[in-house]
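Residue numbering restarts at 1 for every chain, and letters A, B, ... go by the order of the sequence lines. Keep in mind that the numbers below use all heavy atoms, side chains included, and drop hydrogens, waters and symmetry copies.
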There are 2 protein chains.
Amino acid sequence: MPESKPPRTLKHATLERLMHYYHYIGEQIAQQSMGTVSSSEIAKLLDTDDTVVRKDMAAIGVRGYPRVGFKADEVLAAIRDVLGFDNAYRAIIIGAGRLGSALASYPGFSRYGLRIDALLDSDPSRAGAIEGGVEVRPLDELESIIEAHNVGLAILTVPAEAAQPLADRMVNAGLRAIWNFAPTSLVVPSGVLVRHEHISVGLAELAYHLNRRDTKEASE
Amino acid sequence: MPESKPPRTLKHATLERLMHYYHYIGEQIAQQSMGTVSSSEIAKLLDTDDTVVRKDMAAIGVRGYPRVGFKADEVLAAIRDVLGFDNAYRAIIIGAGRLGSALASYPGFSRYGLRIDALLDSDPSRAGAIEGGVEVRPLDELESIIEAHNVGLAILTVPAEAAQPLADRMVNAGLRAIWNFAPTSLVVPSGVLVRHEHISVGLAELAYHLNRRDTKEASE
DNA sequence: AGTAAATCGTGAATGAAATCCCGGTTGCTT
DNA sequence: AAGCAACCGGGATTTCATTCACGATTTACT
């Protein structure tokens, strides 16, 4: 019997949803030991359509069982596999401000195969402190830490002005990806992957819809 | 001369980009007093295509000038207008943990017409403290604060278990929108707008691409 | 056993977004 | 004054995403 062949490249929208599935199914499985979950069940909880869920499952090569649903462990395994949760990435956080500390203590990362090795801060007096189980190190150890721990990803939570120079240093030290929480864009060589997390894009959407609702009410 | 008629509804993707434009143009205008900006200039910085930028401008009713570009102040005004930055929204933050405090002191919000009126926390002993210019209040004042300040939006930065009960209380008190940073989904009546900010979807994308790059290198 | 109900799988249709293409306008240069 | 180059505008095309519709499969029930 020929196995279904998952497509080579996952689409952006699918990727975004996979993490939601992973989270939700993981939670459910912990609570009630539920071995199976239906597409419509997932869909209702994530406020989407059941067809979408089935298509996503197909995309990561998971098959469902009619009248039963999908086996939770199969789904989780497939997501772990396709997202590479098992080849643990080493990461560091730059900037031990409130956001950096909050991220350092976020328990989700370790579940997703991301290991935070250090939290760097420009204020040397903070070195040695522990934030969320991670040691704070002075910023001038940046290069040596990247090389010593074979760090692939840096999480940037510094003020906007500091971001670009730091990015340059890290790229030089051999870093391959940057998760940028600083409110500014970064210029990097083409081999390096940057994901820019801009908190206020969410705000834009909220503001727009809140506003539209108001004017609609007013004109009706 | 007939003005161009912007479409009634802005598309999701456009909304996401508008905030980037706003940010970028605002910054540039402050630094070098630059009265005009071309679509390709914006596109390069935000790593997208110039056609996209022009289409977005058309969508919010801004016209450009051939050989010159777009007038920065016109663009900013149009974005402020369409996103309603000028009818200031009152908001509260629930959960004065690290993330809640970080958001309270984020200077961006006030620029975008969002005013944080209070920071509520379940630990009453924290009441009275000031975080990022916002006063911490005990959680049992939730309803009275919402009503007294006519709060339309709540920013939820609490542990997953606490989120749903709080959402229920807030909806009862007349809240109209929730910006949910808790790692769980919320069920609310249909009149209420929820935006779920899930930090790890960004991680999913990074993990996937990092992984794909590795295997690609290995097989070539 | 046989029928009914739930659930998956997928192809077709619709809708959204990105990209391509090219004509039109304006400022700059000479 | 004329030509050029930079930029916009908007139609056409293509890719991506969602929704719809329906047949196929399996379990539960009578």
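- B:His12 places a side-chain heavy atom less than 4.5 Å from the side chain of A:Glu205.
- Distance CD (B:Glu16) to P (C:dA16): 16 Å, rounded to an integer number of Å.
- Residue B:Leu10 contributes atom CG, which lies 13 Å from atom C1' of C:dA16 at whole-angstrom precision.
- Distances shown here put a side-chain N or O of B:Ser39 below 4.0 Å from the OP1 or OP2 atom of D:dC8.
- Checking the phosphate oxygens (OP1, OP2) of C:dG9, no side-chain nitrogen or oxygen of A:Arg54 falls inside 4.0 Å.
- Side-chain atoms of B:His196 and A:His20 form no donor-acceptor pair, as typed in the model, at a separation below 3.5 Å.
- Residue pairs that meet the side chain to side chain donor-acceptor pair (under 3.5 Å) test with at least one member in residues 179-192 of chain A, sequence neighbours left out, are A:Trp179-A:Glu197.
- Nearest-nucleotide positions on DNA chain C for B:Val68 and B:Asp49 put B:Asp49 closer to the 5' end.
- Per the geometry, NZ belonging to B:Lys11 stands 18 Å off P belonging to C:dT14, to the nearest Å.
- A donor-acceptor contact under 3.5 Å links the side chain of B:Lys55 to the base of C:dT19.
- Close to D:dT18, at under 4.0 Å from its OP1 or OP2, lies no side-chain N or O of A:Thr51.
- Sorted by first then second residue, the side chain to side chain donor-acceptor pair (under 3.5 Å) pairs that include residues 82-92 of chain A, not counting sequence neighbours, are A:Arg80-A:Asp86, A:Asn87-B:Asn211, A:Tyr89-B:Asp214, A:Arg90-A:Asp117.
- One cannot find a donor-acceptor pair under 3.5 Å joining the base of D:dA28 and the side-chain atoms of A:Arg67.
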